[in-house]
Amino acid sequence: MKILMLTWEYPPFIVGGLGMACYGLFKMLAELGVTIKMILPTNEAVFFEIATPEDADFPLAKEENGEPYRRDPLRFFPTFQVTFEESAYATIRETLTEVVLELALNTQKETQIPDEVIERLTYILSQGNHLLQRVNHYTKNVLELAKKISFDLIHAHDWLTYPAGLFLKRRFKKPLVVHLHATEFDRALGYGHPIIHEIEYLGLNYADRAIAVSNYTKSIAQEHYKVPEEKIRVVHNGFTAKALVPKKIKKFKEPVILFLGRLTPQKGPTIFLEIAKKVLERGVKARFVIAGAGEMERELMLEASSLGIGTYIMFTGFLTRQEVEEALSMSDILVMPSVSEPFGIVALEAMHFGCALILSKQSGASEVIENAYKVDFWDIDKMVELIIELVTNPERLRFIQERVREEVKKFTWRKPAEEVFKIYQELLI
Amino acid sequence: MLYLIFYFQVHQPFRVSKYSFFDIGTTKSYFDEELNRYIFNKVSEKCYLPANNLFKELILASEGRFKISYSITGTFLEQAKLYRPEVFESFQELMKTGGVELIAETYYHSLASIFDLDEFIEQVGAHLETIERDFGYIPRVFRNTELIYFDKLSDVLLNFPQIKTILIEGADRILMGDSPLYPRLSYNHVHLLLLKHYKLSDDIAFRFSDRGWAEYPLRAETYVQWIKDLMLSEREGRNLYLGLFMDYETFGEHQWKETGIFEFIRKVIELILEEPYIRFIFPSEAYKTLNYSPKGLSVPTPTSWADTERDLSAWLSNPLQWNAMKTVFDFLKKAKEKNYSWLIPILKKLTTSDHFYYMCIKYFQDGDVHKYFSPYDLPENAYKYFMNILADIEAKLED
């Protein structure tokens, strides 16, 4: 079984949640006998082959089936952030409603992509927007390369690769699976960029199967994009431990409470800051660490420092992969107060490093993890109480830390990979 | 008669390392030795050595009629001895001409006067001792960090009876339309206050090489004419005192030698020496030459020479600066209580105002100036490095 994988991230080049999820999933799929041909946003026209689990660690760059690609190293597009332009609430609503009505008439079993969709996508990608230009570049690259690659099925991860997936499906008449790691609704906390919404809509509805990383994300896809129930499946993420034996280090005398993630509204760093403020006001000795970079850094720093609490709220700035692990190994409690979190792989990583968890209920991770406190993201007082209880009760904290270290062992990528494999089989047989 | 008082600020801070969160608890050094050495050497080449030579030559040639004054910080002297002893010796040489007066300030160029008056007295005491030891000189004039001044400062300086005169910023806010050319008395009538003429000072310090400035390129003749014009307004024969106060690094560093700054200042001085009604004096001589009783001046809230606001906002306008400064003075107090003598000088070096200047996020023109002087790419990073260092020190304080 040969799968053409379209993804924007893969370690070590760009390491976000998506990259880590792809790594774990692909490695396990390879173990199940799947051959993966992965196309990344490289300037060079190459794809990467993963045929064995070992290949997942160092995928081989190739220009076409057969000979490996010689020129190294590969240059990736510079990283960028999606910027949200003016909200276009009405436009999306109208657009979505129109297409939904159209789709309702089309009840064929195998999803066909009508000409209008292709025309619309071509038009969207031809626009001047910086980000769309990159998507367009990627899409062209993929279409060109695909001619030289043999594959049975296309698997596209997140909206950046959906246009390429749709074009491929139509041209090569191969089934398309789209994977939904995050929606524009999560990133924008509500309505975001209208074109991204439209691409997500088209990808989810014209693919043959859609995979959501949690029931939470599935419900967003169904509610906002009207994806039919029979087409969408939930496959929760797993976790691959990079550090085999996580060590615990003591950097501060006080217990360390960690926020780890991009400093964007989606991840709820202001909520974390509010919690820190309330805990410290109660005279509880704890060290709060805000780890990550992002557009809200200055705002958060100004707010934190205005409390005049010296070094009790610390900022790390951007972290390398190694520093992420270091941050986790020095922390006692991880708070993930995300306002909208499709999954939140960081929760599993934190478990591996023995951190007690306080998770927002608005996250995919909270659906599957047992040993975690699950709180609505807005319930700051509850989270404050939980932290104070844990900090003032070291034995209980240690007990929970032991439990999570045990529990995390069950979150391997085997089960998720098997579920994905099953979906491939359904479409290919 | 118009008396011209040149005063130059000579200072270098101990810039901190890019000390990351993950460096806490390691042995990484707090101060960026390499960067500090590099900057000191660079500025020595561009400014200190050539400027000292120029002024020495002019003093000797004028047979004592050309006079200047300096305030040299303790952190500068430490770095000079460490990185470039010839610069230190060059200042000693300059002193021997007799044409130089040295001014007292806080050893660490800090804002101790705002946060901790006991520490302020310690730092001024340390500076006085250093100046006496290194130059055999007892200053009688004081200038606070960045010309920060407020009424209470005059009271605190009663601890140092040798200090008779204070240099301050001639800010519009306190002068309220009065001329900065007339010295004033502190509100308690103890100290004579000499005011900086910010227009003529900044013409040299900031605008000299600005191509967008209407007066560019400024000729020495024009500048001297502006000075002479100042005398037109005085009709009662009162002596005028023109305070031209600026960073010493103006010569060759802020204004590169290619701008002609050295030729300009030489020409200005030579022209003024020919003027019968203009004379150079030391700040401490203002007292003796006054031919009228100066008016009192009350400055209830702090003024300074920094930025367009001329207040404390360059160092204390955002909570990052405030939290950082408050924390460093807190820790310093703790270190003194516990008598951790090895931590005290480190914390004192961290009180230097430059660290907080780098954390400033004011916009527009002043933001550019802050950026020019900052060794870090962002104010947020300056704050992070500083607070990480403090967190490391905190652990040691609690041992």
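Per chain, numbering begins at 1; letters A, B, ... match sequence-line order.
Taking a 6.0 Å sphere around NZ of Lys333(B), one finds it holds 12 or fewer heavy atoms contributed by other residues, nucleotides or ligands. Atom NZ of Lys285(A) sits in a sparse spot, with 12 or fewer heavy atoms from other residues, nucleotides or ligands closer than 6.0 Å. For Gln322(A), the CD atom counts as loosely surrounded, since its 6.0 Å shell holds 12 or fewer non-hydrogen atoms of other residues, nucleotides or ligands. Environment of CD in Glu395(A): sparse, with no more than 12 heavy atoms of neighbouring residues, nucleotides or ligands closer than 6.0 Å. More than 12 heavy atoms of other shown residues, nucleotides or ligands fall within 6.0 angstrom of atom NZ in Lys28(B).
Taking both residues in full, the closest heavy atoms of Ser305(A) and Leu320(B) are given as OG-N, 3.2 Å, listed atom of the first, atom of the second, then distance. Closest of all the heavy-atom pairs between Lys384(B) and Gly317(A) is NZ-CA, 3.4 Å.
With a 4.5 angstrom heavy-atom cutoff, Ala395(B) does not touch chain A via any of its atoms. Looking at Ala304(A), there are no atoms closer than 4.5 Å to chain B (heavy atoms on both sides), in backbone or side chain. Both the backbone and the side chain of Glu380(B) come within contact range of chain A, each with at least one heavy atom under 4.5 Å from a heavy atom of that chain. If you measure heavy-atom distances from Ile309(A) to chain B, the contacts under 4.5 Å come from the backbone alone.
Residues satisfying the side chain to side chain contact (heavy atoms under 4.5 Å, CB included) criterion with Ala324(B), sequence neighbours excluded, are Phe356(B), Met359(B), Tyr383(B), Phe386(B), Met387(B). Looking at residues two or more places apart in sequence or on another chain, you find a side chain to side chain contact (heavy atoms under 4.5 Å, CB included) between Asn159(B) and Ile121(B), Val156(B). Under the side chain to side chain contact (heavy atoms under 4.5 Å, CB included) criterion, Lys277(A) pairs with Glu274(A), Glu281(A), Glu303(A), Leu307(A), sequence neighbours left out.
Ranked by heavy-atom pairs shorter than 4.5 Å toward chain A, the options Ser20(B), Gly25(B), Ala391(B) are led by Ala391(B). Between chain A and the residues Phe21(B), Phe22(B), Trp322(B), Phe331(B), the most heavy-atom pairs under 4.5 angstrom are made by Phe22(B).
At least one side-chain heavy atom of Arg298(A) sits less than 4.5 Å from a side-chain heavy atom of Pro379(B).
A donor-acceptor pair under 3.5 Å is formed between the side chain of Lys326(B) and the backbone N or O of Gly308(A). Judged by distance alone, the side chain of Asn323(B) and the main-chain N or O of Ser306(A) form no donor-acceptor pair under 3.5 Å.
Atom CE of Met301(A) and atom CG of Leu378(B) lie 9.5 Å apart (nearest 0.5 Å). The distance from the OG1 atom of Thr327(B) to the OH atom of Tyr312(A) is 10.5 Å, given to the nearest 0.5 Å.
For residues 247-257 of chain A, heavy-atom neighbours of chain B at less than 4.5 Å comprise Lys251(A), Phe252(A), Lys253(A), Glu254(A), sorted by residue number.
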Legend entry - Worked verdict on Thr316(A) versus Asn388(B) for side-chain contact (heavy atoms from CB on, under 4.5 Å): CA-CA 9 Å; Thr316(A) 68; Asn388(B) 291 336; over 6 Å; no
